[in-house]
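Computed over heavy atoms, backbone and side chain alike; hydrogens, waters and symmetry mates excluded.
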Amino acid sequence: TSANTLITSNSDDAIIGIRLTNITTSAITVDVWVDVAGADTTASIVYLADDLSIPPKSSVELIQGGAKMVIQSTDLLRAQASAATSCAAYVSFVDAIS
């Protein structure tokens with residue numbers, strides 16, 4: 001129920017996949033966002049998912065079909081679920097793209 005950092009970018013990194021899995025028997029909601037430069041201010045937050053509902057024992061793919069998202073050095077990819085230990089997050093990324 002508290003925000004967790006999934007990736008701290010140390011260069012220009014390309015996120016190529018994000019899968020969120022509800023590992024419980026109840027529906028949950030999940031927020032996923034990039035905190036630009038790790039500033040932790042309202043102006044620095046870019047949401048990828050806001051209050052996304054995930055049914056029990058289901059998965060959602062946030063980036064798919066060849067899409068990519070570039071995050072820069074010191075950007076944070078963060079996530080928060082509505083219930084403790086309810087969501088597994090899997091992130092695929094390419095480190096240090098040019």
Would you find a donor on one side and an acceptor on the other, under 3.5 Å apart, between the side chain of [X] and the backbone of [Y]?
X   : Y   : result
D50 : L48 : no
S9  : Q72 : yes
Q80 : T1  : yes
N22 : S58 : no

Output all residues satisfying side-chain contact (heavy atoms from CB on, under 4.5 Å) with I23, sequence neighbours left out; order by chain, then residue number.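 Per chain and number, I23 pairs via side-chain contact (heavy atoms from CB on, under 4.5 Å) with T21, A88.
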Which residues share a side-chain contact (heavy atoms from CB on, under 4.5 Å) with V30, sequence neighbours left out: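 V30 satisfies side-chain contact (heavy atoms from CB on, under 4.5 Å) with L20, I28, V32, I54, A81, C87 only.
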Which heavy atom in D13 sits nearest to a heavy atom in A96, and how many Å separate them?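 So the two residues come closest at OD1-N, 2.9 Å.
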Treat each ILVMFWY residue as a node, draw an edge where side-chain heavy atoms are under 4.5 Å apart, and state whether [X] and [Y] are in one component.
X   : Y   : result
M69 : V91 : yes
F93 : V46 : yes
I16 : V60 : no
L62 : W33 : no
I45 : I18 : no

Would you please name every residue forming a side chain to side chain donor-acceptor pair (under 3.5 Å) with [X], sequence neighbours left out?
X   : result
D31 : none
S53 : none
S26 : none

Atom OH of residue position Y47 - does it have more than 12 heavy atoms of other residues, nucleotides or ligands inside 6.0 Å?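 For Y47, atom OH is crowded (more than 12 foreign heavy atoms under 6.0 Å).
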For L76, which of I71, D35, L6 qualifies under side-chain contact (heavy atoms from CB on, under 4.5 Å)?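 Going through the options one by one, the only one that passes is D35.
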Separation between CG of N10 and CD1 of I7, rounded to the nearest 0.5 Å: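 Between N10 CG and I7 CD1, I get 10.0 Å after rounding to 0.5 Å.
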Would you compute the distance between atom OG1 of T29 and atom CG of L52 and round it to the nearest 0.5 angstrom?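 T29 atom OG1 to L52 atom CG measures 8.5 Å (nearest 0.5 Å).
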Can you list every salt bridge (charged side-chain N to carboxylate O under 4.0 Å, His left out) pair that touches residues 59-88, not counting sequence neighbours?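 For residues 59-88: R19-E61.
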Any side-chain heavy atom of D95 sitting closer than 4.5 Å to one from S11?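 Yes; the side chains approach each other to less than 4.5 Å.
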